[in-house]
Amino acid sequence: MHELLGIPVAASAHAGEIDRMTVLLHWLMTILFVGWGTYFVYVLVRFRQGANPKANYDGVKSHVASYIEWAVAGIELVLLVAFAIPAWAARVDAFPAESESTVVRVVGEQFAWNVHYPGADGQFGRTDIKLVAAENPLGLDRSDPAAKDDFNSVNQLALPVNKPVIIHLSSKDVIHSFSLIQMRVKQDTIPGESIPVWFTPTQVGDWEINCSQLCGLGHYRMRGFYSIKTPEAYDAWLKETAASELGAPR
Ligand SMILES: [Cu+2]
């Protein structure tokens, strides 16, 4: 089933769990589809008018149909309680400590992803919507000491492998949806809200950030790139990007 579904590469710690659930759900849906489909064809033939010129007013006496319905509801309950709820709880409740994670902010806009890195001090500088300008897409207040070493990149997100990542998501204009398919991460970004997501990349690679929410005419081209790097390559990237961003006139 896994191969049949064409599931993309699983490159985060929780990806396997999500995939197992996807596979289980597809098995259940396949069984239901074949089962109900077969039953439908059987009914069409068995109760055709030609063979039954007069209607049977008593109807079905057997309880098999309701037993099957209860069984399906039971299986769905197990999928929900034993698989879906624990998986979701781990995503929204069991956040790792920020001190042990790579923490970045990502702000969606029509039609790009702005990535805010806190710089060497690990503190995000103050941002203000009034300061947003073409050369300051995040509205960073450079007079704030915590903002001195902050830098941003557009449509380029780099993260180190094998360390938890926390991304605080928001949006400048409309609802977008931040999607890292290989990480099995998808979360709407909502103006005025900061929504955290977390995951642990387990594979080095270069992939695309997609916007999974129809967010306007340019939605189709709202794609960014993300790169999971070795810790050494990540540090080098941080230094290089910080130097080029902070060295630029603002
Ligand atoms: Cu979008």
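Counting starts at 1 for both ligands and their atoms, in listed order.
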Subject >> Derivation of the ring pair (Phe, Tyr, Trp, His ring centres under 6.0 Å) call for Phe111 and His219 >> reply: CA-CA 6 Å; Phe111 298 96; His219 166 70; 8.0 Å; no
Subject >> Angular separation of Cys215 SG and Met222 SD about the Cu ion (ligand 1), given to 10° >> reply: 110°
Original post:
For His176, what is the atom name of its N, O or S atom nearest to the Cu ion (ligand 1)?
Top reply: ND1
Subject >> Test side-chain hydrogen bond (donor to acceptor under 3.5 Å, both in side chains) applied to Gln182 and Tyr226, step by step >> reply: CA-CA 10 Å; Gln182 296 75 15; Tyr226 76 103; 2.8 Å; yes
**OP:** Return yes when atom CZ of Phe33 has more than 12 non-hydrogen atoms of other residues, nucleotides or ligands closer than 6.0 Å, and no otherwise.
**Re:** no
Subject >> Sub-6.0 Å ring centroid separation between Trp237 and Tyr117 >> reply: yes
Original post:
Does any N, O or S atom in Ser177 come within less than 2.8 Å of the Cu ion (ligand 1)?
Top reply: no
